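Notes for the one structure printed next.
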Amino acid sequence: MLKNLNLNIDNTFSEELPADAVLGKARRQVKEACFSFVSPKKTSAPKLIHVSDEMLETLGIPEEVKSTETFLNVFTGNEVLPNTKPYAMCYGGHQFGNWAGQLGDGRAINLAEVVHNNQRWAIQLKGAGETPYSRSADGLAVLRSSIREYLCSEAMHHLGVPTTRALSLALSGDQVLRDMLYNGNADFEQGAIVCRVAPSFIRFGNFEIFAARGDHKTLKELTDYTIKHFYPHLGTPSKETYIQFFKEVAQRTLTTVVHWQRVGFVHGVLNTDNMSILGLTIDYGPYGWLEGFDFGWTPNTTDAVHKRYRFGNQPNIGLWNLYQLANALYPLVDEAEPLEAILNDYKTSFEKESLKMMRQKLGLQSETEEDEKLIQQLEENLELSETDMTIFFRKLSKFPKATSEAGIDFVKDAFYAEEEIQGAILEKWNTWFDAYKLRLQRETATDEERAQQMNKVNPKYVLRNYMAQLAIDEAEKGNYSLVDELYKLLKQPYDEQPANEKWFAKRPEWARHKVGCSMLSCSS
Ligand code: AMP
Ligand code: MG
């Protein structure tokens, strides 16, 4: 059988950047190095739960290879690909606003980089055992969090949101001890491993660690490497190149945050070690999807008090994190002003891009002065009474511009407490629909054309928190059919799927306060 799974291996990160001279998993501060060589832990009874055919193809792995022993062993850590040396990356980060020092891949192990169809991919196992960066933890991942990462990263891709991808989801066969709610009730759970894939897993924190240590030599090496491979159009590194590099990272970050706001995704832990230098959504932990539209919502129980990572604060946090990256790159630029100019631009660009995105959600192709007010009023209304974001925008596309019917009747399925839509609240909605109708009448598109446009940006299906939890509950009992069902459903999130109408529904009441549905912890 193909011992290398037909992969066209081409390692650059571990070939071109300095390695930690120490081997082994002993916890340590790793200096003047970008990574440490470390092998995945052997698993006792690995079993594949799901493989993405699309990612097989993307990586150039023949379909039939997925059922081989080699495939199973490689993607659960039991076998190392020939001529490769797995490694864990060294990075630091600001966690919840504070510098946390060295973090690093505590449970992610990079297997190799491959190039297929001119695209570079780094292949990484998450949950494959201890590394020098595991600190006090075990390097493992449990089934529930692995299902959440596997399903959501692929769903995000199909929603058109920049993201890391996933190739496979497997059980390790080992038990993992977790105190899910951090309340002293630790229990054994099934261990699992996700093989995730991205052009690069470099984070803001990879740059921050060298700047924090005053190691400008390695900082420059890493920055030059990143530009050479992932921003090659910027050319030979110079002060000007570093400024342009930062500008492009800022733009990509902004683009991704606008996508999150469009689809109602709340990351939950936007620490700088969870910010991709390629602007990808990375590290799916206690994330969540808005059901009721609420700028103040955070899915992460660790964040419940300050709500730093709430939905409405993601744009600001993107900027805050970019400040940290700017500080880290400053030694290479030696001039604050050009970096500050880029940071200042972020705010105005964000407002512009956000307005553009909301116009699309409303089906407005032209631009008028009143649009901002119309959008602001809508956002206020959406918070008056719990209103399902996904259902609201999807149903809104059916509102005809010349109707005499009340607009509210078109979207009533989106309200969690329809009985609240009366009196002052109803009046506000009627006022808004009157304004929206007048605004639509200034558009040239027909109702059908507008609906078509809107349905391309307003998904019909997202991975609602309770849907992932249902798949987890089944999977924990050994039934993986719902994982597969949701995986397939979320491949076409913008399409009408009559057979799947049951997933186009409000969150059921039982899920309102259930662990995993409304409350998620970092314990994973
Ligand atoms: P996160 O909050 O998941 O982004 O993780 C923050 C840091 O903790 C990263 O350096 C992770 O690699 C590390 N980490 C999280 N969970 C574990 C674990 N179970 N074992 C080892 N390291 C972990
Ligand atoms: Mg992380």
Side-chain angles (χ1 to χ4, degrees), residues 25-30 34-36 38 40-41 43 77 86-110 122 124-146 148-150 152-153 163-164 166 172 174-180 182 186-194 196 198 200-209 212 266-278 280-288 298-303 308-309 317 321 324 520-524:
K25 301 171 188 216
R27 313 302 196 261
R28 57 189 177 264
Q29 291 293 307
V30 174
C34 291
F35 63 93
S36 308
V38 60
K41 182 182 185 214
T43 48
Y87 59 93
M89 292 159 105
C90 176
Y91 54 81
H94 279 82
Q95 297 186 314
F96 295 92
N98 305 303
W99 176 242
Q102 177 182 298
L103 299 166
D105 286 333
R107 57 169 171 176
I109 295 183
N110 296 274
Q124 184 176 89
L125 300 184
K126 184 167 175 179
E130 293 163 84
T131 78
Y133 310 97
S134 300
R135 296 178 287 157
S136 58
D138 56 10
L140 304 175
V142 293
L143 180 57
R144 62 184 154 79
S145 66
S146 303
R148 284 168 53 81
E149 169 133 20
Y150 184 79
C152 197
S153 62
T163 179
T164 61
S172 63
D174 300 312
Q175 297 287 301
V176 175
L177 190 63
R178 284 290 180 271
D179 183 358
M180 183 163 69
Y182 297 127
D187 214 343
F188 281 101
E189 300 186 45
Q190 298 174 70
I193 297 173
V194 171
R196 51 181 196 178
S200 169
F201 287 96
I202 299 175
R203 304 137 189 273
F204 289 11
N206 291 70
F207 300 85
E208 287 180 276
I209 188 73
V266 189
H267 183 287
V269 210
L270 286 178
N271 294 334
T272 56
D273 52 302
N274 290 338
M275 295 293 289
S276 151
I277 203 68
L278 304 182
L280 308 172
T281 313
I282 189 171
D283 276 9
Y284 291 84
Y287 67 81
T298 175
N300 183 356
T301 46
T302 313
D303 192 30
R308 178 179 172 88
Y309 298 139
I317 290 294
N321 289 340
Q324 310 316 312
L520 290 142
S521 80
C522 289
S523 164
S524 58

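We count ligands from 1, going down the list as the structure has it; atoms in each ligand are counted the same way. Only a predicted model underlies this, so the values are computations on that prediction, with no experimental measurement involved. All residue numbers in this chain count up from 1 along the given sequence.
Numbered from 1 in the order shown, with element, the atoms of ligand 1 that lie under 4.0 Å from a heavy atom of Gly104 read 9 (C), 10 (O), 11 (C), 12 (O). Near Asp283, with a cut-off below 4.0 Å to any heavy atom, the atoms of ligand 1 are 4 (O). Which parts of ligand 1 touch Asn274 is read off a 4.0 Å heavy-atom cut-off, strictly below it: atoms 4 (O). Near Leu140, with a cut-off below 4.0 Å to any heavy atom, the atoms of ligand 1 are 19 (N). Numbered from 1 in the order shown, with element, the atoms of ligand 1 that lie under 4.0 Å from a heavy atom of Arg178 read 19 (N). For ligand 1, the atoms closer than 4.0 angstrom to any heavy atom of Asp273 are 4 (O), 6 (C).
When only interatomic distances are considered, the shortest N/O to N/O separation between Gly139 and ligand 1 falls below 3.5 Å. Considering backbone and side-chain N/O atoms, Ala137 never comes within less than 3.5 Å of an N/O atom of ligand 1.
Looking at Ser146, its side chain never comes within 3.5 Å of a backbone N or O of Val194 through a donor-acceptor pair. A donor-acceptor distance shorter than 3.5 angstrom exists from the side chain of Arg107 to the backbone of Leu140, with no hydrogens or angles considered. The main-chain N or O of Pro132 is never found under 3.5 Å from a side-chain atom of Ser134 such that the two would form a donor-acceptor pair. Judged by distance alone, with hydrogens and angles left aside, the side-chain atoms of Thr301 form a donor-acceptor pair with the main-chain N or O of Leu520 at under 3.5 Å.
Taking CG from Leu103 and CG from Asn206, the interatomic distance works out to 10.5 Å, rounded to the nearest 0.5 Å. To the nearest 0.5 Å, the span separating NZ on Lys126 from CD1 on Ile109 amounts to 13.5 Å. In this structure, CD on Gln175 lies 9.0 Å from CD on Glu189, to the nearest 0.5 angstrom. Separating the OH atom in Tyr91 from the CG atom in Asp105 is a distance of 4.5 Å, to the nearest 0.5 Å.
Considering only non-hydrogen protein atoms, atom 13 (C) of ligand 1 sits nearest to Arg135 NH2, 3.6 Å. When hydrogens are left out, the protein atom nearest atom 12 (O) of ligand 1 is Gly106 N, 2.7 Å; that is the closest non-hydrogen contact.
Under a 4.0 angstrom heavy-atom cut-off, Gly285 registers as lying outside contact with ligand 1. Contact analysis leaves Arg27 out of contact with ligand 1, as no non-hydrogen atom separation drops below 4.0 angstrom.
Residue contacts to the Mg ion (ligand 2): Asn274 brings an N, O or S atom closer than 2.8 Å.
Heavy atoms of Arg203 found under 4.0 angstrom from ligand 1: none, in either backbone or side chain. Contact annotation for Asp138 and ligand 1: heavy atoms of both the backbone and the side chain come within less than 4.0 Å of the ligand. Within the 4.0 Å heavy-atom criterion, both parts of Leu103, backbone and side chain, lie near ligand 1.
Side chain to side chain, Asn271 and Tyr309 meet the donor-acceptor criterion of an N or O pair below 3.5 Å. Of the N and O atoms on the side chains of Asn300 and Thr302, at least one donor lies less than 3.5 Å from an acceptor on the other residue. Residues Thr163 and Tyr284 bring a donor and an acceptor atom of their side chains to less than 3.5 Å of each other.
Atom OD2 is the N/O/S atom of Asp283 found closest to the Mg ion (ligand 2).
Residues Glu130 and Arg27 are paired through a salt bridge, judged by an N-O separation under 4.0 Å between the basic side chain and the carboxylate.
Per-atom contact check: atom 20 (N) of ligand 1 touches the protein, criterion being a heavy-atom distance below 4.0 Å.
The nearest non-hydrogen atom to atom 23 (C) of ligand 1, considering only Gln95, Arg107, Glu130, comes from Arg107.
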